[in-house]
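Numbers here are sequence positions counted from 1. This one's a predicted model, so the numbers in the text were calculated from it and none came from an experiment.
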Amino acid sequence: MYDAIVVGARCAGSPTAMLLARRGYRVLLVDRASFPSDTLSTHYIHIPGVLRLHRWGLLERVRQAGGRPIPKITLHLGKVTVVPPPPPGLPPGLAPEAYCPRRTVLDAILVDAAVGAGAELRERFSVRDLVWEEGRVAGVRGRAGGREVTERARLVIGADGLHSQVARLVNAPAYHTRPTLTFGYYTYWSDVAMDGAELHVSEGGGILAFPTNDGLTCVAVGGSIESFHRFRQDIQGNYFRILEVAPDLARRVRAGRREERFLGTADQPNYFRRPYGPGWALVGDAGYHRDFVTGLGITDAFRDAELLAAAADEGLSGRRPLGEALAAYERHRNEVAEPLYELTCRIAGGEYVEPAQWIAFSQAMARMIAGPVA
């Protein structure tokens with residue numbers, strides 16, 4: 001019997017498992033993948049996410065693995081250029097820098113940290129069903145190494161992403177839903193000069209460019225969902241067509257060399273899910289997902305891992321009824337996430353956002369600085 005089984009070992013699952021294991025709980029962490037491995041991602045870790053890496057003791061590992069600090073992001077909003085100020089409240093000695101690591105690097109660091117904290121890891125473990133006892137989730141049934149496996153726990157946590165099997169099996173209700181509004185494609189370039197990160201937003205499409213590991217620059221483009229099928233008819237040609245929204249960046253990219261294939265998706269629904277029930281909880285994209293345009297996925301996952309680990313600790317320790325603690329987790333998550341969610345959906349829907357509202361976005365990010373320290 002485990003205290004918690006965490007299904008999914010990427011940016012939400014591994015930190016949740018790590019934080020619970022550091023509190024002394026017996027944790028099983030499973031994932032159908034093995035690590036290191038890649039996954040579609042915005043890469044971007046906003047400053048509140050970097051703060052969490054710092055206080056978890058993992059930021060230096062990201063740096064040592066070739067993580068490149070990003071001192072600023074420049075927003076090009078049509079003819080207006082804005083450099084948002086860093087959020088206040090950072091601890092002394094922590095520079096106001098973002099990071100955009102490759103997921104092959106970041107996820108492996110997070111998995112290793114969870115194992116180092118005492119969590120048991122099982123890779124290539126595919127969850128097929130949940131164990132139910134007396135109306136509550138009591139474990140998982142899965143397949144690993146060619147055999148069927150059943151494991152039990154006091155709490156099963158779904159950190160298994162956008163198409164969460166755990167969320168589906170518990171029929172987690174969705175709310176504040178919006179349909180997919182945009183698509184995105186990205187690839188990696190060498191020899192592209194960058195001064196921090198750049199976001200370009202216009203009627204012709206959106207662009208996000210940033211430095212990442214191995215001296216590479218990731219350049220992503222996107223557009224409205226209505227133009228997705230037309231884009232796919234000539235991915236490379238249309239990629240460069242959108243890049244011309246930013247002529248100087250397009251020139252720098254053309255002077256570089258593409259190092260990998262194009263990756264992309266139009267699978268970007270916007271929703272909140274109720275993230276808890278009898279014997280189960282959801283974290284990361286399993287419980288809350290928004291368009292990629294504001295690059296919040298990893299930062300949100302880190303925040304909610306802390307919130308959920310703190311709530312689970314309250315409930316599993318008996319200091320508070322577990323359902324009551326998890327309900328507070330949902331309220332705290334939504335209080336911080338909803339303003340950013342609304343702004344993200346407005347941008348993704350093609351609504352013009354005033355520069356002052358981008359500053360407000362930066363200030364809203366400051367609310368993510370606060371939170372339980374694990």
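- G284 and A12 make their closest contact through CA-CB, 3.6 Å (heavy atoms, listed as atom of the first residue, atom of the second, distance).
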(request) Walk me through it: do I225 and L181 pass the test side-chain contact (heavy atoms from CB on, under 4.5 Å)? (result) CA-CA 5 Å; I225 191 62; L181 298 169; 5.6 Å; no
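- Ring-centre distance between F262 and Y239: below the 6.0 Å cut-off.
- Qualifying salt bridge (Lys or Arg N to Asp or Glu O under 4.0 Å) partners for E324, counting only residues two or more places apart in sequence or in other chains: R320.
- Y329 approaches D304 most closely through the heavy-atom pair CE1-O, 3.7 Å.
- Within a 6.0 Å sphere centred on CD of E244, other residues, nucleotides and ligands contribute more than 12 heavy atoms.
- Shortest non-hydrogen contact noted between A310 and R23 is CA-NH2, 3.8 Å.
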Which donor-acceptor pairs under 3.5 Å do side chains of residues 64-74 form with protein atoms, sequence neighbours excluded?
from : atom 1 : to   : atom 2 : distance (Å)
R68  : NH1    : T212 : O      : 3.1
R68  : NH1    : L216 : O      : 3.0
K72  : NZ     : D195 : OD2    : 3.2

(message) Evaluate D129 against V140 for side-chain contact (heavy atoms from CB on, under 4.5 Å), listing each step before the verdict.
(response) CA-CA 6 Å; D129 205 351; V140 301; over 6 Å; no
Please table the atom pairs, donor to acceptor, closer than 3.5 Å between any side-chain atom in residues 88-105 and protein atoms at least two apart or in another chain.
from : atom 1 : to   : atom 2 : distance (Å)
Y99  : OH     : R63  : NE     : 2.9
R102 : NE     : Y188 : OH     : 3.2
R102 : NH1    : E260 : OE2    : 3.0
R102 : NH2    : E260 : OE1    : 3.2
R102 : NH2    : E260 : OE2    : 3.2
R103 : NE     : D107 : OD1    : 2.8
R103 : NE     : D107 : OD2    : 3.3
R103 : NH1    : S41  : OG     : 3.1
R103 : NH2    : D107 : OD1    : 3.4
R103 : NH2    : D107 : OD2    : 3.2

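- Using modelled atom types, no side-chain atom of S37 and backbone atom of A33 make a donor-acceptor pair closer than 3.5 Å.
- Without hydrogens or angle criteria, D31 side chain to E123 main chain gives no donor-acceptor distance under 3.5 Å.
- Panel note: side chain S317, backbone D313; a donor-acceptor pair is recorded below 3.5 Å.
- Salt bridge annotation for E259-R257: present, with a cationic side-chain nitrogen under 4.0 angstrom from a carboxylate oxygen.
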(message) Could you go through H163 and D267, starting from their C-alpha distance and side-chain angles, then the distance that decides it, and tell me whether this counts as side-chain hydrogen bond (donor to acceptor under 3.5 Å, both in side chains)?
(response) CA-CA 10 Å; H163 300 291; D267 187 14; 2.5 Å; yes
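- Geometric assessment of R274 against the ring of Y276 yields a positive cation-pi assignment under the 6.0 Å and 45° thresholds.
- Under a 3.5 Å cut-off, the side chain of N270 and the backbone N or O of D291 do form a donor-acceptor pair.
- Smallest separation of non-hydrogen atoms from V6 and A159: CG1-CB, 4.2 Å.
- Here D3 does not pair with R26 in a salt bridge; the nearest charged N to carboxylate O distance is not below 4.0 Å.
- The pair R122-E151 meets the salt-bridge criterion, since a charged nitrogen lies less than 4.0 angstrom from a carboxylate oxygen.
- Side chain of S227 to backbone of G223: no donor-acceptor contact under 3.5 angstrom is found.
- Between Y341 and Y288, the ring-plane angle classifies as tilted under the 30° and 60° cut-offs.
- The aromatic rings of F231 and F183 sit tilted, their planes meeting at an angle between 30° and 60°.
- A salt bridge is defined here as a Lys NZ or Arg NE, NH1 or NH2 lying under 4.0 Å from an Asp or Glu carboxylate O, and E306 with R52 meets this definition.
- Counting only heavy atoms from C-beta outward, the side chains of I235 and Y185 approach each other to under 4.5 Å.
- We find that D285 and R290 are joined by a salt bridge, their nearest charged nitrogen and carboxylate oxygen being less than 4.0 Å apart.
- Using a distance-only test at 3.5 Å, with no hydrogens or angles considered, no donor-acceptor pair links the side chain of H200 to the main chain of L75.
- Pairs engaging residues 166-191 under the salt bridge (Lys or Arg N to Asp or Glu O under 4.0 Å) rule: R178-E342 [sequence neighbours left out].
- Looking at R154, its side chain does come within 3.5 Å of a backbone N or O of L316 through a donor-acceptor pair.
- Smallest separation of non-hydrogen atoms from G184 and F292: CA-CZ, 3.9 Å.
- Under the 3.5 Å distance criterion, the side-chain polar atoms of T180 are matched with a main-chain donor or acceptor of Q268.
- Closest approach of G206 to I242, counting heavy atoms only: O-CG2, 3.8 Å.
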(request) Could you go through the side-chain contact (heavy atoms from CB on, under 4.5 Å) check for R152 and V131 one step at a time? (result) CA-CA 7 Å; R152 286 177 164 76; V131 177; 3.9 Å; yes
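- For the pair S14 (side chain) and A9 (backbone), a donor-acceptor distance under 3.5 Å is present.
- Environment of CZ in R261: sparse, with no more than 12 heavy atoms of neighbouring residues, nucleotides or ligands closer than 6.0 Å.
- We find that R333 and E338 are not joined by a salt bridge, their nearest charged nitrogen and carboxylate oxygen being 4.0 Å or further apart.
- For residues 224-239, no residue pair satisfies the salt bridge (Lys or Arg N to Asp or Glu O under 4.0 Å) rule, not counting sequence neighbours.
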(request) Mind running ring pair (Phe, Tyr, Trp, His ring centres under 6.0 Å) on H176 and Y271 for me, showing each step along the way? (result) CA-CA 6 Å; H176 297 338; Y271 59 78; over 10 Å; no
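- Partners of H54 under the side chain to side chain donor-acceptor pair (under 3.5 Å) rule, at least two apart in sequence or in another chain, do not exist in this structure.
- Between L130 and the options V170, V7, I5, a side-chain contact (heavy atoms from CB on, under 4.5 Å) holds for only V170.
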(message) side-chain hydrogen bond (donor to acceptor under 3.5 Å, both in side chains) for Q236 and R258? Distances and angles first, verdict last.
(response) CA-CA 11 Å; Q236 179 166 295; R258 180 162 66 90; 3.3 Å; yes
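- Here the side chain of H76 pairs no donor or acceptor atom with the backbone of A246 at under 3.5 angstrom.
- Looking at heavy atoms from C-beta onward, T182 lies out of side-chain contact with S224 at the 4.5 angstrom threshold.
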